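Each remark here refers to the structure printed beneath this line.
Since this is a predicted model, take the numbers as computed values, not measurements. In what follows, residues are counted from 1 in the order of the sequence shown.
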Amino acid sequence: MKEFKAGKNEAGQRLDKYLKKILPNASMGFIYKMLRKKNIKLNDKKASGTEIVSVDDKIKIFLSDDTFAKFSVNEDRLMKDFKALSALKTDGLGVVYEDDDILAANKPVNMLSQKSKETDISANERLIGYLIKEGKLDFDTYKSFKPSVCNRLDRNTSGIIAAGKTMKGLQELSSHFKERTLTKYYICIVAGKIDKRQLIKGYLYKDKKLNKVTICQTLPKGRDTSEYLPIETEYIPVAYSDNATLLKVHLITGRSHQIRAHLASINHPLAGDYKYGKASFNRRFTDKYNCKSQLLHSYELNIPDMDIHIHTDIPDIFLNILKGENIWQPGIQEVLEALH
């Protein structure tokens, strides 16, 4: 018999999900069968698996040692992974906010938020490595809970990504992102002069084969529109010249490539955006400022219910271009922070 006592990182999740972490090599069918046969008990009582685990709950698993070993975590392999993560460098990923449950970091360009294949090393792995090195994540906790990023940014978009350090933090963050009970602001540099604030709406369709989206103002007639998603983007001009504008963008609906495609659809594409932008505009920025990706940065995150208000500094590449294009002005960071 094996006995486990739930801590704060196990609490708040369904019992069947917790059991799957203890017995990752077992099928859910096997786990439910063991629950029905009372080979797995919660606080010495029969359980269905749908119960929500609380701190100090006791989970007893009545399996032979060989069966438990067959279905349980391979601790040697897990320790190898744990040590590999602890050796990772942050590689430009800077922590901008941290409390007991939540962590937010400033992701640089050319870094994945989360891995897309097994061999990737993403911001998620680097943040776990940071927590291990700082002594904020030990091996016993890692065996049953792994901190995780809750929002994704494109590889070539920089800025704020938020992660749950604990199960409580992960659940709260995930809920706010899902329910949109938070506000996200981006900054970008776009082609042309924009001097008025505006809320623009439309519909977004994504071609998954090309990984490219198209925007239309109204739903097309005479065709299936189920994959056309409504979008809303609010942009606020911060500073501008005749050639380019620094915008603060309120992302109301968070769709794939929304900001890039939506602004391009109104003839104000992002500088450095080779998928949706203007070739001549991009060449000037590439030649003059060595701009190799779209100038889009996740600048600010506000979660009032959690009393979280985070913003980053303006990236150096933005400052160089603003100064080079005579758009920069004293106090521009303070202006950005104040605009909502």
field: Criterion side chain to side chain donor-acceptor pair (under 3.5 Å) on E125 and S122, from CA distance to verdict
entry: CA-CA 5 Å; E125 284 72 56; S122 70; 2.5 Å; yes
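- Across all their heavy atoms, I303 and T181 have their closest contact at CG2-O, 4.3 Å.
- A donor and an acceptor atom, one from each side chain of H297 and T157, are nowhere located under 3.5 Å apart.
- Neither side chain, E232 nor T253, offers a donor N or O lying under 3.5 Å from an acceptor on the other.
- Between D57 and K5, no side-chain nitrogen of the basic residue sits less than 4.0 Å from a carboxylate oxygen of the acidic one, so the salt-bridge criterion is not met.
- No donor-acceptor pair closer than 3.5 Å links the side chain of T225 to the backbone N or O of Y228.
- Under the 4.0 Å criterion applied to side-chain N and carboxylate O atoms, E51 and R14 are not assigned as salt-bridge partners.
- Inter-residue side-chain proximity for L173 and I102 is flagged as met; some heavy-atom pair is nearer than 4.5 Å.
- Annotation: cation-pi geometry satisfied between K146 and Y142 (NZ/CZ under 6.0 angstrom from ring centroid, within 45° of ring axis).
- Residues satisfying the ring-ring contact (aromatic ring centres under 6.0 Å, His included) criterion with H340, sequence neighbours excluded, are Y185.
- D273 and K278 are not joined by a salt bridge, as no carboxylate oxygen comes within less than 4.0 angstrom of a charged side-chain nitrogen.
- Within a 6.0 Å sphere centred on NZ of K323, heavy atoms belonging to other residues, nucleotides or ligands number more than 12.
- The shortest side-chain heavy-atom distance between K168 and N9 does not fall under the 4.5 Å cut-off.
- Side chains of I189 and I321 form a contact here, defined as non-hydrogen atoms less than 4.5 Å apart.
- No donor-acceptor pair closer than 3.5 Å links the side chain of N43 to the backbone N or O of K45.
- Contact annotation: the side chain of C216 never approaches that of Y205 to less than 4.5 Å [non-hydrogen atoms, C-beta and beyond].
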query: Passes side chain to side chain donor-acceptor pair (under 3.5 Å), Q13 versus K21? Steps please.
result: CA-CA 11 Å; Q13 62 186 310; K21 293 176 181 177; 3.1 Å; yes
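- With rounding to the nearest 0.5 Å, the separation of CE in M111 from CG in D120 is 12.0 Å.
- Criterion: ILVMFWY side-chain heavy atoms under 4.5 Å apart, direct or through other members. Under it, L153 and L296 are part of a common hydrophobic cluster.
- Both F71 and I59 sit in one connected hydrophobic cluster of ILVMFWY residues. Membership requires side-chain heavy atoms under 4.5 Å apart, directly or through other members.
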field: H250 vs T233, side chain to side chain contact (heavy atoms under 4.5 Å, CB included): CA-CA, chis, key distance, verdict
entry: CA-CA 6 Å; H250 179 198; T233 311; over 6 Å; no
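- For L270 against F281, the heavy-atom pair with the smallest separation is C-CE2, 4.4 Å.
- L137 and P147 make their closest contact through CD2-CD, 3.8 Å (heavy atoms, listed as atom of the first residue, atom of the second, distance).
- Within the 4.5 Å cutoff, side-chain heavy atoms of Q198 are placed close to those of Y235.
- For the residue pair D16 / Y32, a side-chain donor-acceptor distance below 3.5 Å is found, with atom types taken as modelled.
- Remark: E325 engages R284 in a salt bridge, criterion side-chain N to carboxylate O under 4.0 Å.
- No path of Ile, Leu, Val, Met, Phe, Trp and Tyr side chains, each step under 4.5 Å between heavy atoms, connects I236 with L251, placing them in separate hydrophobic clusters.
- Side-chain atoms of N282 and T286 include no donor-acceptor pair closer than 3.5 Å.
- For D99, there are no salt bridge (Lys or Arg N to Asp or Glu O under 4.0 Å) partners, not counting sequence neighbours.
- The distance from the OG1 atom of T141 to the CZ atom of F82 is 8.5 Å, given to the nearest 0.5 Å.
- Annotation for I317 and Y289: closest pair CD1-O, 3.7 Å, computed over non-hydrogen atoms.
- Taking CG of D100 as the start and NZ of K8 as the end, the distance is 6.0 Å to the nearest 0.5 Å.
- For the residue pair Q217 and K201, no side-chain donor N or O sits within less than 3.5 Å of a side-chain acceptor on the partner.
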task: Output, in order, the C-alpha distance, side-chain angles, deciding distance and verdict of side chain to side chain contact (heavy atoms under 4.5 Å, CB included) for V95 and T90.
output: CA-CA 9 Å; V95 174; T90 52; over 6 Å; no
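- Checked for salt-bridge contact, K41 and D44 miss the test: no charged N lies under 4.0 Å from a carboxylate O.
- For A261 against V213, the heavy-atom pair with the smallest separation is CB-CG2, 3.3 Å.
- Atom CG of L35 is separated from atom OG of S48 by 7.5 Å, given to the nearest 0.5 angstrom.
- Here the side chain of N124 pairs no donor or acceptor atom with the backbone of Q114 at under 3.5 angstrom.
- Taking each heavy atom of C291 and G272 in turn, the nearest pair found is SG-CA, 4.0 Å.
- No donor-acceptor distance shorter than 3.5 angstrom exists from the side chain of D207 to the backbone of K212, with no hydrogens or angles considered.
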message: Could you walk me through whether Y203 and I231 satisfy the side chain to side chain contact (heavy atoms under 4.5 Å, CB included) test, starting with their C-alpha distance in whole Å, then the side-chain angles of each, then the deciding distance to 0.1 Å, before giving a yes or no?
response: CA-CA 6 Å; Y203 295 89; I231 56 172; 5.9 Å; no
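- The environment of N211 atom CG is dense: over 12 non-hydrogen atoms of other residues, nucleotides or ligands sit within 6.0 angstrom.
- For the ring-ring contact (aromatic ring centres under 6.0 Å, His included) with H311, the lone residue among Y186, Y299, Y97 that qualifies is Y299.
- H257 and Y276 are linked by a side-chain donor-acceptor pair at a separation below 3.5 angstrom, with hydrogens and angles left out of the test.
- Put simply, CG on D305 and CG on L182 are 9.5 Å apart, with the number rounded to the nearest 0.5 Å.
- A single hydrophobic cluster is not seen to contain both V53 and F145; linkage of ILVMFWY side chains at heavy-atom distances under 4.5 Å, directly or through other members, places them apart.
- S86 and K133 form no side-chain donor-acceptor contact under 3.5 Å, judged by distance and modelled atom types alone.
- Salt bridge D91/K89: absent, no basic N to carboxylate O contact under 4.0 Å.
- Here the side chains of K60 and K2 are not in contact, with every heavy-atom distance at 4.5 Å or above.
- Between S174 and C150 there is a side-chain heavy-atom pair separated by less than 4.5 Å.
- Rounding to the nearest 0.5 Å places CG of D154 at 12.0 Å from CG of N110.
- R197 has a carboxylate O that lies under 4.0 Å from a charged side-chain N of E234, or vice versa, which qualifies the two as a salt bridge.
- When only modelled atom types and interatomic distance are considered, D224 and S226 share a side-chain donor-acceptor pair under 3.5 Å.
- Using a cutoff of 4.0 Å between basic side-chain nitrogens and carboxylate oxygens, E98 and K165 are scored as salt-bridged.
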- prompt: Step by step, would you call N106 with L93 a side chain to side chain contact (heavy atoms under 4.5 Å, CB included)?
  reply: CA-CA 6 Å; N106 187 4; L93 186 68; over 6 Å; no
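- Under the 4.5 Å side-chain heavy-atom criterion for grouping Ile, Leu, Val, Met, Phe, Trp and Tyr, V96 is not connected to I314 through any hydrophobic cluster.
- D101 and T166 share a donor-acceptor pair across their side chains, judged by distance under 3.5 Å alone.
- The closest side-chain heavy-atom distance from K248 to E300 is below 4.5 Å.
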